Every structure is written in structure tokens, then in C-alpha cells.
Chemist: 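I'd like to ask some things about the structure below.
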Amino acid sequence: MFRAVKTDVRFPDQEESILQFWKEQGIYQRSLEQRAGGEPFVFFEGPPTANGLPHPGHCLTRAIKDLFPRYRTMRGYWCQRKAGWDTHGLPVEVEVCKELGIHSKEEIEAYGVEKFIAKCQHSVWRYMQEWERVTERLGFWIDLSQAYVTYHQSFVESVWWSLKNFFDRGLLYRGHKIVWWWAQGGTALSSGEVGQGYREVADPSVYVRFPLIDEPHTSLVVWTTTPWTLPSNQFAAVHEGIDYAYCRDVETGDTAIVAAQLVEMLSEKIKRPLTVDKTVPGRDLVGKRYRPPFDFYESKIGEQTGNLREGGQTVRQWRVVHADFVTLDSGTGIVHLAPAFGEVDYDVLVAQRELFHDGNGPDLLCAVGPDGKFTDDAPEYRGVWVKDADRPITRALRDRGLLWHQEQYVHDYPFCWRASEDPLIQYPRESWFIRTTSFRDAMLENNRAIGWHPEHIGPGRFGNFLESNVDWALSRERYWGTPLPIWVCESTGKMEAIASYDELCSKPGIRGLEVWEQAKKNQPDLADDLKVHKPYIDAVTYDSPYRAGSRMQRVSEVIDCWYDSGAMPFAQWGYPLRGTDLFESQFPADFISEAIDQTRGWFYSQLAISTMLFGNKPGQIAPKGNIPYPHPFKNCIVLGLMLAEWYESKDGKQRFLTEEEAREALGNDFVHKTGKMSKQLRNYRSPQEIFDRYGADALRWYLFANQAPWNSILYSERAIRDSIPEFLLRLWNVFSFFTIYAEIDGFQGPAEITSPLDQLTGDELAKAPSYRPVPERSELDRWMLSDLAATCRTVIERMDRYDSYGACQALHHVVDALSNWYVRRSRSRYWAAEKSSPDKLDAYWTLYESLVVLAKLIAPFTPFMAENLWRHLTAGLKGVRESVHLCDYPDGSFAQADTLLNTRMDLLREIASLGRSARMDAKLKVRQPLGRVEVTLADGSHIPWLTEHDDIIREELNVKEIHYASGSSPYVSYSVQPNFRRLGPRVGPLLPKLKQALASASGAQLMDEMSRDGKISLSIDGQTIELDGEDIQVRFTAKSGWAAAQGKNGVVALHTELTPELIREGIAKDAIRIIQDLRKKRQCDFTDRIAIEIITADAAVREAIDSHRDFISQETLAVSVTIRESGGPLSDSESIELADVPVSIALSVQSREK
RNA sequence: GCGCACGUAGCUCAGUUGGUUAGAGCGCCACCCUGAUAAGGUGGAGGUCCGUGGUUCGAAUCCACGCGUGCGCACCA
């Protein structure tokens, strides 16, 4: 027995109660248990960092991560969903520093690393509740209780194990890296952080002469915007292919060498003529020695030479070298290289060293300390902050006649995002690297096997990134991160890697474990996982195997937290110390998803680690006896970025308003803005607001159904709200319609069935006595189920291709068909008086079954709505599955997909739509019956079928008669066009003329010729062309002067003359509508009987009502309809216009039973 | 500067291997229908398919060069 549901739904309230139900009944757990032993569908959760609040963008990733596992689970796969949290890294440290009001590493050290780490560990969980709430509220089913956490000991040990593997294979090495360095804070910044801090500044721009040693009175001229790097100069770079000019500078009497192409420009700049003596190619300059601008180093090592690998000797530095990056865009075409302060400069140094025998190459010259101040190497400037040294250095150059020219240069330069007055400098730091470059080809091969969605990511952005791979700079000179598990011998410098805490503890002569033990004793609630972190792990030392009496001490660095996330495929299980079975059964992933910003983040870190670690090469791990590419993930949906929208005043003074706020404050005088979501700008609203107002399903449906997931998507409250009626509300209204009538008629549904129920499949429902086999039902019923079955197959096919957007389109389409055609066309069947007529029961069963199938079909997309429907549809039934999420996904096997029927029904709908359009043109409202319509179709083959369904069109269009034709027709004119696709290859250049010929001929004649001869002959440019039926396309046009409308497949024309009888019927129908309105106004029950009294002076109206009295009574459940010409005012009456005349009408309820 | 993507109606987006009248939803306006009614339907207005050139009988679609936007990378010596 079904109970009518209210139509004024509050989806958010319903969702909250469903969440409660899921929780109490452990539905998620049971959905998993039920599939245990099924084929695994492996999902990896890319760990979010819980260090900040979740924002709308996270809802998108979490929604899509939920969709596919839910879908696969219903399809029978076993899909575990282990949550994870990314917990390490600089952002956590920064958060803690803010809290403590400190900045620099010195301040952290002063505060105490031990206390600092403990704070970091706590800080990680600060927003955990918000994260869990959003996750749950969105309906993201994931096992939060089993979440992996990157700081946990088991995770850290897995990471150690993989690093030891790399170390032992020689893939982990120590080298130098030029980093963006925050000197005041004593730390390097990641490229993301650097990118945040760019600012336009004016720097000094100096042109400096480097005198050549072997050519008197001749100088290279170089340009730099960082004069403070000049004392550390090591080379001057030219490009071999560029021509350089020796120019006489009249003022100095010196010869200046600059790029030939720039002579003129430079001459203007220095405002004096430069006379070119000769021009030489860059390669002729390579090897020439020059005098550096400062002699701090030259005075000590100026004559230092080294032995070249190719034989011979040369001076180590202060030579001209070739470099590819030299261009003529700015400067002089000769580049000053200070390898300590530039990445490309450093690369040149490394390349130069390669030329020499080991130990013979140039050392790195660096006159600046990590604090950004000059060291003893440059005594003149010792202790001066580099930026403050620009002026004195420039002055010194001028004094010594080396300053050729000086100006200001405006450019963007990075500053520290945490201390906006501190400029960053490039600075060399010792760093640990992973030799990813030697796996470049393997990574590319692995990448080619991955199913990227969209496809272009693979060869495009991601592939390109792999092509330009450089070794992974792994180490960070910070505190809160996975410690690099390498111990160094204090006397020999030899190193070894450690793979676990136990391995460490078993080392001979182990000492320092007590530091942790003591800390734990003092503070028993300290998380045990901290023992593998700084500072405790740093205290652990052991006997060196390399020299008796020496100790092994850990290096001080922690690692890049991207490595943590990339290691999660195995580290989430603690593999290989723990979880071997789990890892092997859950690797590789079938599906992962993140937004495009993870290309160089998680997508790369996973691929790099997996490619290097797992395989058949010596030293690699081969779980399950090797794993073919791709691994560690097979499919990846790369989501677009979510954009914020806001409103602001036209002058931009009031920003980041909601639409409501803007309307209130500014009237209509505001602009709509969209842009990147930004925490700082606070230009987005909390997802919770959406959940509370519209519900999670509304948000999910908006995210899934509005565009392909890789397009960027606007987080727009209005757009989310607007997407509700088209799907969720429409479906809910259909369901509500069903319950209203099922309650009135006492439709039992599956409650009739005595045998055990399970998922309410067609086979189960067929056991109900009143359930008739589908083939015995009306065409409309068969069509609906066939359309639904076809939709099931379409959705499955698309979801298997990871095309969630396409699947949503199919769902949208079928809900529209159900609501706007099936229910609309079936209404009268539900109103039918005979409660147990087979047709009425068929209508109920068809609608019921459709709703059951839809509940299952939409379950992965809008899980709340699906559950809500399911719970109502199965209320009171015994044995049926408690949750729709415990059901199998419908595969459409309940009905044949009848494509012919579908085509015909589409045609029928088109005819109805055209008829309504024609009525509109003729200004004939649908309530006015018409005598006849003429339907002319391009293709006559469906006419017999359509004729059988006259009743539908007659009712839709409110006409008495309908006539179909396919031949010539007085309402239609034809135009014939060539079938371009077919004829293009055949006649090619003649096509335009052929088109012309067909257009100018009479369409009707061509049609006649075609039907007589089966072909048309045309002569064009002397060539005879024969066209068969498929070579032409016939286009229909309604002839003007008729109330007619044309569509793709035909024309619908109306007979518009009205007989007195038709007019009377129209009036009666108007009367019915008015009475129905009154019933509603009086809040009558659907089944209340009423008495009607009508008073009007108009004889035509009286006659119309009188002659249709029975019809009116039947439609309005009236026991009596009284008509009077005049009389005293009726009590409780309403005065209304009917057929343009005044009418007074009274309604009284007679009985409320039945 | 380099790479990738995108550029189609007021907004958000579809648009199959090139086929000649470019679609949908929303919004706006008008009308209609209505015992699902805080729904539903029909129509209208609104497009140099970013621009230029090319290939072709035919280009929103393919090619080239630009312009603009987003993202990423690099550079700013």
C-alpha cells in the first residue's frame, strides 16, 4: 500500500535522514561485503591535505571519485575504498609557525624541534572534522576509519623501503641544486610558492666590460640586472651561431665585443657611435680568456689549470663558453655566468666539469653565504646583504672604468610570500636526487598504456612533461616530513640506507633510542608514529661498518612530501613489511581521478616511483611475478579546475558579493565575474551552504551532468539551483504522481507477491497476480520499458568508458520521456473509474517498474534521491534489499530494446509537437476542439502504425479526426537537394550547379519523375547525371496560408473552421477547467463529490454546458450541474469569465467518502 | 618565451569520419496547458561559430599564421 508523498520536498532534510539510515545500517560496509570475492575494481584515493578547510573544488573530485566505485560495486565488482591523508610538508610547518608567531628556521630551532614537530602532528588533524563532514555529507563512500596517513610509522617505513631500494641501485645521489632561496628564513621555496610572490620591481641594469687577456684594449660587454652576482662570475657565454662585432668605442678608445645585430641598438642606448671593425662568429670567441670584474678569486686561483679528458690543459674558469640559451632578446648577446646564482649557469658549470678529468674541473665560486650576505671570499663587502651591495659594486666598477653603461630595468622578480619585503635569491644547496632521467623512456612507455580521460593529456601535457624530465630533487631542509633514511659514517663519509625501524634497532652499537623513550615517558600521549620523525630519529646512531670506532649518523634532511603521495599504492598497506596480500590484490588501480593541477604532482609522483620500483629489471620488485604497463593506475580522469563566481560593483569597489547581496546593494548595476578560487580573496562560499539549501544530490548532478568533467566548471549557486528541476524535481514529481494515485486506487504492487522478494527485478514482479507480461500491455507501456532498457545499456556502455557526462545525458533523456510523455499520455488511465481493469493495472505496474529501475540506475549519480525512491517504493515489502545500493545495476534485460517502436514514438511526439505549434500560430488554444488535422510525412512507411495510435494525437491536439499522407499534398511544397555526402565524391566540382538545377526545378515534378522512373536525369554542362532515390534529399515546407507547422519528418496542417458543436465543446472544456480550479481552491480531496450551480445570462454558454452536462459531471466528479439564467446571488460563488461572458459559479462539496 | 587546452546565442556548453538551414539547457519575452501544480508545454528574440589566409565542389570541423583566455613549465643572465 503506497502513501501519497508531499510534493513540497526538502531534499536536504531527506538526505540527512538517509545519511542516518546508511550509518545505522552500515550500508556501505554491507555493499562491500556483498561483493567480497567478486572481481576487484581497484581505486586509489589521492590523499588530500587536511591542513586547510575543504572547498568546493574538493567536492568535485570527491564526487567523481565516488561515482565510479559506486557504479562498479553495483555492477558486481569488489571495490575497496581506503581513504588517505597527506600530512607532511611545508604548509603544515607554516601553519604552525603562524600560530607561534615565528618565521625562520632559527626561530623554529630556538622554539625546539621536538615541540614543533608535536604541534605539526596535531595541526594536521585540525580540520579533520570538517573534512569528514563534507566527505560524508556529499555521499562520498570511503573508508575513513581505515585511512592511510603519511606520517604513520607503517607508511614511513614503506617509503624508507622504496628509498633503500633506489639507494642500493645507485638511483639516489647527492648533488647540488640551485634553488629559490629565502635567505632571511633560511629555506628554499617550492616553485608554487615562488610563483605566488612575483612582483614588478625596477632593478639596476649594468653593462660591464670584461677585458680580454690576450687581446689588449678589447673587452667583452656583458649585461646583468644582479650586480651582486659579479664577484662570483666564472664564465662568459656566447652562442656559437651568432655573429659578434668588434666595435671601436670612440669615447673609451677601447674595442667592445657585442652581438653584431645589437650594435645599433646599443649605440643608441649609450648615445655614441660604435664603429664595427670586424665581425666574427661566436665559435671564434669560445675559449678566449678574460679578466673577471673582481679579483677576489682571481688573485688566488687565476692561473689554476686542469687536465682535459681530451688531452691537454686549460684554465679552469674566466673563459668564453658556448651556451644554447644565449639569445639576442636583451642585453648584449654575451652572458655573465655566476653558476652559484642561476640554474642554467650552474648547468654550464657542470658541463664544463665534464670536460676535465675528475677533480680538475672548476669549483663552484660563491661569495655569498646562506644568509644572503657576502662572506670572507669578498672581504670588501663582507656582511653586506646582496641587494644592498648592488650600489657599491656598481660604483666600484665605474671607478675602475669597467662600467660601460647603466640604466634601470623593470621586470618581475620573486619575493617571499610570507615576508613580502624579502626578495628571493637563487642559491646553491646540497640536495638529494632520484635519478628519474634514466627511466625517462620507461615512464613514457608506461604512460602510453594509461587510459587518460581526456585522451590528450597522455601524449600532451603529461607526455611532454615526461619528455623534459629532470632528476627528482627529493630532499628538503625542513622538519616535518618523512626523514631521509640514510646514515653516514662520520669518518669515511660512506653511507647506507635503512628500510625499517626494526632494521635500525638491530644495528650493532645502537644508541640514542632512549631519547624517544624518555620523551614518551614524559608525555605518554605522544603519538608513537613520531619516533620515526625528527628529532628522535636523528638521535639514533650506530657503529660504522666502514671504520671501527666510528659512528653512523642520519643525514639531516626530510623528503619532498610528493614522494609520500606517490608511494601510496604500496605505502597505504605498509608494504612490504605488512599487507602483502592486500597490496598484491590492489595493484595497479583501475581508476584514479584528480584535477589537472596534479599532472606534475600526484600523477607524476606515482608513475615515477612505480616505474622505477616495479618491474623485471635487476633490482626491481616484481609483485605477482611482474606487472605489465600501465601501473600504478590504468585509468585517470583529469578534472578541470573549478572556478569561482562573484558579483561586484562596476567601479570594482565592492567585490566578492553573492548575487543577492549585489542586487540588494547595487540594484541592477553590477557585473558578474568568474575566476580562480582563491583562499585569500575568499571569493567562494562553503559547500555546506549548498548542502543545506539544495542538497548533495543537486550539487552532484550539477557537477556530473553539466559538462564533460575535464572542462573547467563554474561553482555557481544559481546554476546548481537551476539544475534541480530538470532532473531531480522532475523525477520526484513523477514519483509523487505515482503515489497519489496508487494510494487512491489502493494499488498493491509487489505486496501481492507471496514468494520471497529480493531486488524487484522484472522476473520477481512477474509473480504478482495483477502483473501482466509486458508484451501484452499497451504500446505506450512497451515503449516506456523498451526506452528504459535501452537507456540502461547506454548508461553502462558510457560508464564503462568513463564517460559520466554522456551517461547523465541518457538519464536526463529517459526521465524526460517518462515525465513528459509516458505519464502525460497515461494520465487518463490512472483516473479510470474501474480500479482493477487490466489497462489501469498495467499503467501502475509499468510506472512502478520504471521507478524501481530508475532508482537503481541513478543510484551512483544521485545516491540520496535513489535511496529515497527505493525506500518508498519498497516500504512494507518483506525480504527486499534494504538499500538500493545493495542492488545490482540494471542491465536492461527486463525488456527488449525495440528501436522501431522508439523511432515511431519519436515521430508521434514530433507530430504532436508540430500540431501544438500550428495551433499557436493560428491562435487556437488547445481547449478548443478542431475538426481535422492533415499530417504529411516524408516517409510513409510508419503511417499504418500511426493510424493505430490516432487516439493519442487526437487527444494531444484535441481534434476529432486525423489524416495521414505521404504523397503530394496541397499543404506542402517540396524542395529537392542533392545528397552531398553521397554525390560529393561522384560529381565533385559539378555539385554547386547540380544544387542549382534541383532547386530551380519543380519539386513536385521531380518527385513524380522519381516515383515513375526510380531516377532523375539532369543535364549539367553537357553532362547527363542520373540520380537515384538516395542521391537526393527532399525537404518539406508548409505552404503559406495554412495553419501548419513543419518539422524534419513532415508537416502538420490544421482545419481551422469551427462548427457550433465544436464551439460548444470548447466552452464545456473551459467550464471544466474553471471548476477544477475551484476544486483546488477549495482544497477538495481528489475524490470529493461536488454539486455545481452556474448562472449566466448568455444562452450559448447555457446551451454548451447543458449539452455536455454528463461530460462535465464525469470530469469534475459532480453529482449535479445546475444551470440558471438568472437568480439571487449564490452563496460562496465566484464570478468568472467563460467564453468571454460573465458567469457566476458555485461549488459545494457533497460527499467526502470514496 | 615554450607546451597543453579552450574560444560556437546574454550565460553554461553540445556539435560524430568535412556535407550546405549550427543545436541544447538556463535566463528573458509572449502564449498555452494544468487534479504531478512552488510542476509542464509551445513559440519568439538572440550567432561575422575569435580573426586572417589556405586546402576542398563544400569548412564551426582540416592546415598555417595571428589574437584572446586558462593551466603548466621555463626565463628574467
Side-chain angles (χ1 to χ4, degrees), chain A residues 7-9 191 195 203 222-226 229 237 323 325-327 329-331 334-338 341-345 409 411-414 454 456-457 459-465 467-468 595-597 599-600 640-641 643 672 674-676 705-708 710-714 716 718-719 722-723 725-726 729-730 732-741 805 809 812 819-820 823-824 827 831 912-913 916-921 923 925-927 977-985 987-995 1033 1035 1045 1073 1076-1077 1079-1080 1084-1086 1115-1117:
Chain A
T7 46
D8 57 341
V9 275
S191 64
D203 271 325
V222 303
W223 174 71
T224 179
T225 55
T226 49
T229 61
F325 57 79
V326 174
T327 64
D329 295 344
S330 53
I334 306 177
V335 174
H336 142 69
L337 296 185
F341 309 115
E343 208 169 344
V344 289
D345 307 42
Y409 187 73
H411 63 164
D412 286 328
Y413 194 87
H456 63 73
I457 298 284
R461 186 175 285 211
F462 195 69
N464 290 338
F465 173 62
E467 295 274 2
S468 60
I596 189 149
D597 55 0
T599 309
R600 287 123 209 277
L641 291 176
L643 303 177
H672 180 232
T674 60
K676 214 175 148 176
N706 271 279
Q707 64 280 298
W710 39 86
N711 286 331
S712 62
I713 179 168
L714 200 60
S716 156
R718 180 205 271 273
D722 287 345
S723 75
E726 65 163 31
L729 198 53
R730 192 175 282 178
W732 183 256
N733 277 324
V734 172
F735 168 68
S736 159
F737 175 90
F738 168 79
T739 58
I740 289 167
Y741 289 97
Y805 175 55
Q809 286 178 319
H812 180 261
S819 171
N820 291 329
V823 169
R824 177 190 171 86
R827 266 194 190 124
W831 299 336
S913 165
R916 281 193 293 264
S917 167
R919 268 186 173 277
M920 179 79 63
D921 278 352
K923 298 205 186 316
K925 49 190 179 181
V926 179
R927 238 181 282 116
Q977 283 216 322
N979 179 342
F980 292 97
R981 198 185 282 260
R982 245 172 95 90
L983 291 174
V987 305
L990 290 180
L991 250 181
K993 283 181 176 164
L994 178 62
K995 178 185 174 184
Q1033 299 163 322
R1035 202 163 273 158
R1073 187 184 70 82
Q1076 301 287 37
D1077 269 358
R1079 282 189 66 118
K1080 197 171 7 165
C1084 291
D1085 270 354
F1086 293 127
E1115 290 291 311
T1116 61
L1117 298 183

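Note that the structure is predicted; figures quoted are calculated from it, not measured. Order of the sequence lines fixes the chain letters, A, B, ..., with proteins taken first and strands second; residue numbering starts at 1 for each chain.
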Chemist: What integer number of Å spans the P atoms of B/G72 and B/A30?
Modeler: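 Each nucleotide's P atom is 46 Å from the other's.
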Chemist: Categorize A/Ser819 for me: base, sugar-phosphate, or nothing, with a 4.0 angstrom heavy-atom threshold over every strand shown.
Modeler: base
Chemist: Look at the side chain of A/Val344 and decide which nucleotide, out of B/C75, B/A36, B/C71, has an atom nearest to it.
Modeler: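 Between B/C75, B/A36, B/C71, the one nearest the side chain of A/Val344 would be B/C75.
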Chemist: How far, in whole Å, is B/A22 from B/U16 if one measures between their P atoms?
Modeler: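 Each nucleotide's P atom is 15 Å from the other's.
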Chemist: Sticking with atom P, work out how far B/G44 lies from B/G23, rounded to a whole angstrom.
Modeler: 12 Å
Chemist: Looking only at the side chain of A/Gln707 (C-beta and beyond, no hydrogens), which of the listed nucleotides B/G25, B/U12, B/A39 gets closest?
Modeler: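 Nearest to the side chain of A/Gln707 among the choices is B/U12.
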Chemist: Could you please name the option among B/A36, B/G19, B/C4 that lies closest to any side-chain atom of A/Asn464?
Modeler: B/C4
Chemist: Pick base, sugar-phosphate or nothing for A/Thr599, based on heavy-atom distances below 4.0 Å to the nucleic acid.
Modeler: nothing
Chemist: Checking contacts here: which listed nucleotide (B/A14, B/G40, B/G25) is nearest the side-chain heavy atoms of A/Asn711?
Modeler: B/A14
Chemist: Taking the P atom of each, how far is B/C33 from B/U17, in whole Å?
Modeler: 45 Å
Chemist: Classify A/Val734 by what it touches in the nucleic acid, base, sugar-phosphate, or nothing, heavy-atom distance under 4.0 Å.
Modeler: base
Chemist: Starting from C1' on B/A5, measure out to CD1 on A/Ile596 and report it in whole angstrom.
Modeler: 7 Å
Chemist: Checking all strands, does A/His456 fall into the base, sugar-phosphate, or nothing category for heavy-atom contacts under 4.0 angstrom?
Modeler: sugar-phosphate
Chemist: If you check the A/Tyr741 side chain, which of B/G72, B/G40, B/A36 turns out closest?
Modeler: B/A36
Chemist: Using atom P in both nucleotides, what's the gap between B/C67 and B/A59 to the nearest angstrom?
Modeler: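 Comparing P positions in B/C67 and B/A59 gives a spacing of 26 Å.
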Chemist: Considering every strand and a 4.0 Å limit on heavy-atom distances, what is the contact class for A/Gln1076: base, sugar-phosphate, or nothing?
Modeler: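 Counting heavy atoms under 4.0 Å across all strands, the contact made by A/Gln1076 includes a base.
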Chemist: Reading RNA chain B from 5' onward, which residue's closest nucleotide shows up sooner: A/Val335 or A/Gly460?
Modeler: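 Mapping each residue to its closest nucleotide by heavy atoms, the 5'-most match is A/Gly460.
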Chemist: When all nucleic acid strands are considered with a 4.0 Å heavy-atom cut-off, which category describes A/Arg981: base, sugar-phosphate, or nothing?
Modeler: base
Chemist: If you take all heavy atoms of A/Val222 and A/Val335, which pair is closest and at what distance?
Modeler: CG1-C, 4.4 Å
Chemist: Suppose you measure atom C1' in B/C76 against the same atom in B/A60; what distance do you get, rounded to whole Å?
Modeler: 40 Å
Chemist: Is A/Trp223 touching bases, backbone alone, or none of the nucleic acid, heavy atoms closer than 4.0 Å?
Modeler: base
Chemist: What protein N or O atoms touch nucleotides 56-59 of chain B N or O atoms at under 3.5 angstrom, if any, and at what distances?
Modeler:
| from | atom 1 | to | atom 2 | distance (Å) |
| --- | --- | --- | --- | --- |
| B/C57 | O4' | A/Gly988 | O | 3.4 |
| B/C57 | O4' | A/Pro989 | N | 3.4 |
| B/C57 | N1 | A/Gly988 | O | 3.4 |

Chemist: Looking only at non-hydrogen atoms, find the nearest pair between A/Arg600 and A/Phe465 and report the distance.
Modeler: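 A/Arg600 and A/Phe465 have their closest heavy atoms at NH1-CD1, 3.0 Å.
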Chemist: Please give the distance between the C1' atoms of B/C29 and B/C71 as a whole number of Å.
Modeler: 40 Å
Chemist: Could you please name the option among B/A36, B/U17, B/A14 that lies closest to any side-chain atom of A/Gln809?
Modeler: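 The listed nucleotide nearest to A/Gln809's side chain is B/A14.
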Chemist: Let me spell it out: for each of A/Ile457 and A/Ala708, pick the nucleotide of RNA chain B with the closest heavy atom. Which residue's pick is nearer the 5' end?
Modeler: A/Ile457
Chemist: Is a side-chain donor or acceptor of A/Ser716 paired with a backbone partner of A/Ala719 at a separation under 3.5 angstrom?
Modeler: yes
Chemist: Does a side-chain heavy-atom distance below 4.5 Å link A/Asn733 with A/Ser819?
Modeler: no
Chemist: Can you check the A/Asn979 CG to B/G19 C1' distance for me, whole Å?
Modeler: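 Spelled out: CG on A/Asn979 to C1' on B/G19 is 8 Å.
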Chemist: For A/Asn820 and B/G41, is the shortest distance between a side-chain N/O and OP1 or OP2 below 4.0 Å?
Modeler: yes
Chemist: Using a cut-off of 4.0 Å on non-hydrogen atoms, how would the nucleic acid contact of A/Leu641 be classed: base, sugar-phosphate, or nothing?
Modeler: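 It contacts sugar-phosphate atoms only.
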Chemist: What nucleotide, of B/C73, B/C4, B/A36, holds the atom closest to the side chain of A/Val823?
Modeler: B/A36
Chemist: Side chain of A/Arg461 only, please: which of B/G40, B/C73, B/G3 is the nearest?
Modeler: B/G3
Chemist: If we take the P atom in both B/C31 and B/A14, what is their distance in whole Å?
Modeler: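 Roughly 35 Å separates the two P atoms.
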Chemist: Atom CG in A/Asn706, atom CG in A/Asn711: separation rounded to 0.5 Å?
Modeler: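 One finds 11.0 Å between CG of A/Asn706 and CG of A/Asn711.
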